[in-house]
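Report on the following structure.
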Amino acid sequence: MPELAEVEVARRNVARWWEGREAAEVIVHDAKVAGGDAAALERALRTRVASVDRRGKHLIVRLERGGALMFHFRMTGKIVSSPTPEPRFARLAWRVPGADWLVFKDQRRLGEVLVFGPGEVDAHEPIAQMGPEPYGLTGEDLSGLFGESRRRVKDLLLDQRVIAGVGNIAVSELFWRVGITPEARAHTVDAALLAALAAEMPAYFDWLVAGQMADEIMYMGEAEGAGAENPFDVYAREGEPCPRCGAEIERVVFGGRSTYHCPACQPK
DNA sequence: TCGGTTGTTATTGT
DNA sequence: GACAATAACAACCG
């Protein structure tokens, strides 16, 4: 479940493997990822890469001559470097001279790759309407972004038009770090908590990027038995003791999404 | 067989 | 209009 941190790890890897080069060979395993125009996708992949950027949870590969490719991993998508073009769940593979095959894998096929002409990516609605990255913000900035909303803080953080890159896991972890109750409404959260939240976001994402940095990132629930452990303090830890105070961690559900919290550290 | 999992959007309802 | 809940998308795991 790639959120900002996982996409940032992907960005660094893909930049290392692909920047300044272009694909010499392309295999579209799954026509669905090409969005109906496999030829355009192949043409883009065969264009030299100028830079690899991240915006929120989107990976933007900018090409020479101004076009771009945009990957969105949704739930289970990822890009890996592979000696063969067809590891399990491969949807798209391209071979870059001087590197291995790069493979877009996506177990559940909800991810997408979009092709853009010059100037088009930044006008693409999800990008154009996206809120600021969660870096360098103050409590007052957050207050301004939330406005007069009476929605849950959780819902606002997950709304990419309000702020970019925050996902469901991050909400549980951030609220636990800062001491915000999961049902908190935006207009009732005091300034000190908003300031703490604003300060904690970059710290949290930087910590996660540092810990996840690897050629192939492992998502929660993957690679069980392979020694991959849940790196989070409260996420997916219902019934376990809070690492800070020992109270039992609880799970609440809003809109079908779980939020984990410590009832003692995050009182209502 | 059912419930749960990640992100996002369309739809329906209060 | 604001807000919230649900299903759908696809596939897998326990």
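As the structure is a prediction and not an experimental result, all values here were calculated from the model. Naming convention: chains lettered A, B, ... in sequence-line order (proteins, then strands); numbering from 1 in each chain.
Residue contacts for A/Tyr260: at a heavy-atom cut-off of 4.0 Å it reaches the sugar-phosphate backbone alone, with no base atom in range. Using a 4.0 Å heavy-atom distance criterion, A/Asp106 is classed as making no nucleic acid contact. Using a 4.0 Å heavy-atom criterion, one finds that A/Gly111 contacts no nucleic acid atom at all. Residue contacts for A/Lys32: at a heavy-atom cut-off of 4.0 Å it reaches the sugar-phosphate backbone alone, with no base atom in range.
In terms of heavy atoms, A/Leu4 sits closest to A/Lys57 at N-CG, 4.2 Å. Here the shortest heavy-atom pairing between A/Asp159 and A/Arg151 reads OD2-NH1, 3.5 Å.
For C/dA5, one of the phosphate oxygens OP1 or OP2 lies less than 4.0 angstrom from a side-chain nitrogen or oxygen of A/Arg152. Dashed line: the shortest gap from a side-chain N or O of A/Ser149 to OP1 or OP2 of C/dC3 is under 4.0 Å. Note on A/Ser258: a side-chain N or O is less than 4.0 Å away from OP1 or OP2 of B/dT5.
Nucleotide C/dA2 holds its P atom 17 Å from the CZ atom of A/Phe146, rounded to whole Å. Rounded to a whole Å, the CZ atom of A/Phe254 is 16 Å from the P atom of B/dG7. Distance, A/Glu238 CD to B/dT5 P: 9 Å, rounded to whole Å. Across the protein-nucleic acid pair, A/Leu4 atom CG and B/dG7 atom C1' stand 14 Å apart, rounded to whole Å. Atoms CG (A/Asp159) and C1' (C/dC3) sit 12 Å apart, rounded to a whole Å. Atom-to-atom, CZ of A/Phe73 to P of C/dC9 comes out at 24 Å; the value is rounded to the nearest Å. Note: CE (A/Met130) to P (B/dG7) measures 13 Å, nearest angstrom. Atom CZ in A/Arg88 sits roughly 11 Å away from atom C1' in C/dC13 (whole-Å rounding).
DNA chain C is contacted by both A/Arg151 and A/Phe89; A/Arg151 maps to the nucleotide lying nearer its 5′ end (nearest heavy atom per residue). Residues A/Gly256 and A/Glu148 each lie close to DNA chain C; by heavy-atom proximity, the contact nearer the 5' end of the strand is made by A/Glu148.
Checking C/dC9, B/dT5, C/dC3 against every side-chain atom of A/Arg150, the shortest atom distance belongs to C/dC3. Side-chain atoms of A/Arg251 lie closest to B/dG4 of the nucleotides C/dA11, B/dG7, B/dG4. With C/dA5, B/dT5, B/dG7 as the choices, the nucleotide that has an atom nearest any side-chain atom of A/Glu3 turns out to be B/dG7.
Relative to the six-membered ring of A/Trp207, A/Arg177 meets both conditions, a distance below 6.0 Å and an angle of at most 45° to the axis. Taking the centre and axis of the six-membered ring of A/Tyr260, the NZ or CZ atom of A/Arg237 falls outside the cone set by 45° and 6.0 Å.
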| task | Verify side-chain hydrogen bond (donor to acceptor under 3.5 Å, both in side chains) between A/Ser258 and A/Arg251, making sure each step is shown before the conclusion. | result | CA-CA 6 Å; A/Ser258 296; A/Arg251 180 174 80 106; 2.6 Å; yes
Are there any protein N/O atoms within less than 3.5 Å of an N/O atom in nucleotides 8-11 of chain B, and if so, which ones and at what distance?
| from | atom 1 | to | atom 2 | distance (Å) |
| --- | --- | --- | --- | --- |
| B/dT8 | OP1 | A/His72 | NE2 | 2.9 |
| B/dT8 | OP2 | A/Lys57 | NZ | 2.9 |
| B/dT8 | O4 | A/Arg257 | NH2 | 3.4 |

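Considering only residues two or more places apart in sequence or on other chains, A/Ala44 meets the side chain to side chain contact (heavy atoms under 4.5 Å, CB included) condition with A/Leu63, A/Leu69, A/Val115.
Outside the 6.0 Å centre-distance limit, the rings of A/His58 and A/Phe71 are not counted as a close aromatic pair.
By the 4.0 Å N-to-carboxylate-O rule, A/Glu6 lies too far from A/Lys78 to be salt-bridged with it.
Comparing C/dG1 with B/dT8, their C1' atoms sit 22 Å apart, to the nearest whole Å.
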